[in-house]
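See below for the structure under consideration.
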Amino acid sequence: QSGAPRGKPAGPMSQRLLNRQPFARLFFMEGNYLLLRTHIFNDKNVLISALTVTFFTFFIALLVSIGAESLVSAVNSVLVSIPLLILIILVGVFFDMIGTAATAAVLPPFNARAAKKVYGARQAVKITRNASKVANFCNDVIGDIAGTLSGAIGAGIVLSLVDWFGAVDLFILGGMMTSLIAALTVGGKAAGKKVAIDHANAIIFRVAVIMARWEDLTGMELFNDKR
């Protein structure tokens, strides 16, 4: 076997191993059999989920962009725009923290609480089991929406300041506003990720309690996971 060429597909004798590993390929390399699992790229559920997120994100981004333009047109006061800008940045940081905590949370403590019928524990289990969906929604969808809104409001603030102080250069002021928004967003998310990783289970449990109250009030069950 040592003289076998590297990367050569395994023969019929190893076919029984492939029968137990769908969408896998077995190669002979360095005197050992190397099993390459490729089911991740052939999972139809992953493809459908990605297409669904893409579809809804397109329409959400369209609505948000229209809303952002209307908001900038309606809000002419800098004193109102600046707190609104800070609020939107904080919302993006907050949801990024939730998405990070969902991926870092550990399931067994929530299972133990759910067995004791602790309020919110069942929702915490569902959030942890669906960590990829939660992270995608919180980090990507909400993050992009917050970024779009903050950029639009920042542009409105710049235009308002230029109208007030005609001598201010639009290019310089626009660059400073963009840099400030980016610095606050990136710095806030960096600090939030640290907190989310260190206190993942505590954050997810608090979110789960809010989620449980939402389900009690509306009767709508999020992540209908029956496992």
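The model shown is predicted, which means the values in this text are computed figures rather than measured ones. Numbers here are sequence positions counted from 1.
At a threshold of 4.5 Å between side-chain heavy atoms, the hydrophobic network of Ile, Leu, Val, Met, Phe, Trp and Tyr places Met176 and Leu161 in two separate groups. Criterion: ILVMFWY side-chain heavy atoms under 4.5 Å apart, direct or through other members. Under it, Ile98 and Trp214 are part of a common hydrophobic cluster. When the side chains of ILVMFWY residues are joined at heavy-atom separations under 4.5 Å, either directly or via intervening members, Ile197 and Val93 end up in two distinct hydrophobic clusters. In this structure, Val186 is not a member of the same hydrophobic cluster as Val91, with clusters built from ILVMFWY side-chain heavy atoms closer than 4.5 Å.
Across all their heavy atoms, Ala135 and Thr103 have their closest contact at CB-CG2, 3.7 Å. Among all heavy-atom pairs drawn from Thr128 and Val106, the shortest one is CG2-C, 4.5 Å. Considering all non-hydrogen atoms of both residues, Leu85 and Ser150 come closest at CD1-O, 3.4 Å. For the pair Val158 and Met177, the tightest heavy-atom approach, listed with the atom from each and the gap, is CG2-CB, 3.5 Å. Closest of all the heavy-atom pairs between Ala121 and Ala114 is CB-N, 3.4 Å. Nearest heavy-atom pair, Ala101 versus Ala196, reported as atom, atom and distance to 0.1 Å: N-CB, 3.8 Å.
Annotation: the span from Leu184 atom CG to Ile86 atom CD1 amounts to 7.5 Å, rounded to 0.5 Å. The CE atom of Met211 sits 10.5 Å away from atom CD1 of Ile204, with the distance rounded to the nearest 0.5 Å. A distance of 11.5 Å separates CD1 in Ile203 from CD1 in Ile127, rounded to the nearest 0.5 Å. In this structure, CD1 on Ile153 lies 9.0 Å from CD1 on Ile89, to the nearest 0.5 angstrom. The structure places CD1 of Ile88 at 10.0 Å from OG1 of Thr148, a figure rounded to the nearest 0.5 Å. The line from CZ of Arg213 to OH of Tyr119 is 6.0 Å long, rounded to the nearest 0.5 Å.
Listed for the Asp96 side chain is no donor-acceptor partner under 3.5 Å among the backbone atoms of Gly92.
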Worksheet item: Given Gln123 and Phe205, is the side-chain contact (heavy atoms from CB on, under 4.5 Å) satisfied, shown in steps?
Response: CA-CA 8 Å; Gln123 285 74 16; Phe205 186 72; over 6 Å; no

Practice prompt. Would you please test Ile210 and Arg206 for side-chain contact (heavy atoms from CB on, under 4.5 Å) and show each step?
Written response: CA-CA 7 Å; Ile210 298 174; Arg206 291 181 181 274; 5.8 Å; no

Fill in: side-chain contact (heavy atoms from CB on, under 4.5 Å) assessment of Met97 paired with Lys193
CA-CA 6 Å; Met97 186 186 304; Lys193 279 182 168 58; over 6 Å; no

Discussion item. Between Asn139 and Phe95, does the side-chain contact (heavy atoms from CB on, under 4.5 Å) criterion hold? Intermediate values first, please.
Written reply: CA-CA 6 Å; Asn139 296 64; Phe95 275 91; over 6 Å; no

